Amino acid sequence: MADPVRVAALPGCGVSGALAVADEAAARRAGCTLLLCRVDGALSLRNLDSDWLPLSLAFDAGALGWRLAHERVRHERLVKALGGMPTSGATVLDATAGLGRDALVMARAGYRVQMVERSPVLAALLRDALARLGVQQPELAARLSLVEGDALALLDAGDSAAVVYLDPMFPGRSKAAAVKKDLQLLQLLLAHEPESDELALLDAARARARKRVVVKRPAKAPALAGQAPNHSVAGKAVRFDVYLP
């Protein structure tokens, strides 16, 4: 397991486990690689060792916009893997929320989505994005909630959900040019995290899901934990494997 990456936080950006610093210079002196700060009012994460733009989560604009159009979202492969557009506000437990982008697509389709994220830094970025979305699109924000914690523990202890969604870190990916910079930053942040027990995670998800478990995988990657799905919804870059309880 890689050595932990040190995270610093400017005033007003504090997160559990992050070193509170007065300014960027103090973060560098302390040997921190990542810095939590505010950019245009949004909580953001900077890589101090690169010239990458800071990462902040925008749930109301940007590259996600085209995926969220009403006429488009019903055609998303993810929505098809969930069983299509819901008719009664069905619930999805997004057990590995990450950057929250798939959760937003699911909520836009009409699902009520509970996101689970164990990284305190990612959880803070998600909370900040949800707060801003609540001002701009309150009806959409109302379909999203966030729990900070370990997915496996929460799956073992929690109530059932219609669908459990899993998007574990893609296997065999490096910091190659083909990996988007926001995902490189995510890999850097989570490099010290212990890998999840894939089989235990899938078994717990199947035990909690009333209707199905949906797992996001690279198009050519093996099935999670070597367990063949009941069926898949495939695209060029990724596929969604569907498991029945």
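Nothing fancy with the numbering, it's 1 onward along the sequence. This is a predicted model, so every value here is computed, not measured.
- A heavy-atom distance below 4.5 Å is not found between the side chains of Leu45 and Leu35.
- Considering only heavy atoms from C-beta on, Val215 stays 4.5 Å or farther from Pro229 through its side chain.
- Within a 6.0 Å sphere centred on CG of Leu53, heavy atoms belonging to other residues, nucleotides or ligands number 12 at most.
- Between the side chains of Arg210 and Ser160, at least one donor N or O lies within less than 3.5 Å of an accepting N or O.
- Rounding to the nearest 0.5 angstrom, the gap separating the CG atom in Asp102 from the CG atom in Asp167 is 6.0 Å.
- Between the CG atom in Leu122 and the CE atom in Met115 there is a gap of 11.0 Å [rounded to 0.5 Å].
- Proximity of Thr33 to Arg6: side-chain heavy atoms (C-beta onward) are nowhere separated by under 4.5 Å.
- Heavy atoms only, all atoms of each residue included: Ala8 and Cys32 are closest at CB-SG, 3.7 Å.
- For the atom pair NZ (Lys236) and NZ (Lys220), the distance works out to 12.5 Å, reported to the nearest 0.5 Å.
- One distance of note links CH2 of Trp52 with CG of Leu188; it measures 6.5 Å at 0.5 Å rounding.
- A 4.5 Å side-chain heavy-atom check between Leu34 and Arg46 finds every atom pair outside the cut-off.
- The pair Lys80-Glu76 does not count as a salt bridge, with every side-chain nitrogen at least 4.0 angstrom from each carboxylate oxygen.
- In this structure, CG in Asp94 is found 13.5 Å from CZ in Arg101, a value given to the nearest 0.5 Å.
- Interatomic distance, CG of Asn230 versus CG of Leu244, reported as 4.0 Å (0.5 Å rounding).
- The closest side-chain heavy-atom distance from Leu10 to Arg38 is not below 4.5 Å.
- Asp241 has no carboxylate O lying under 4.0 Å from a charged side-chain N of Arg217, or vice versa, which leaves the two without a salt bridge.
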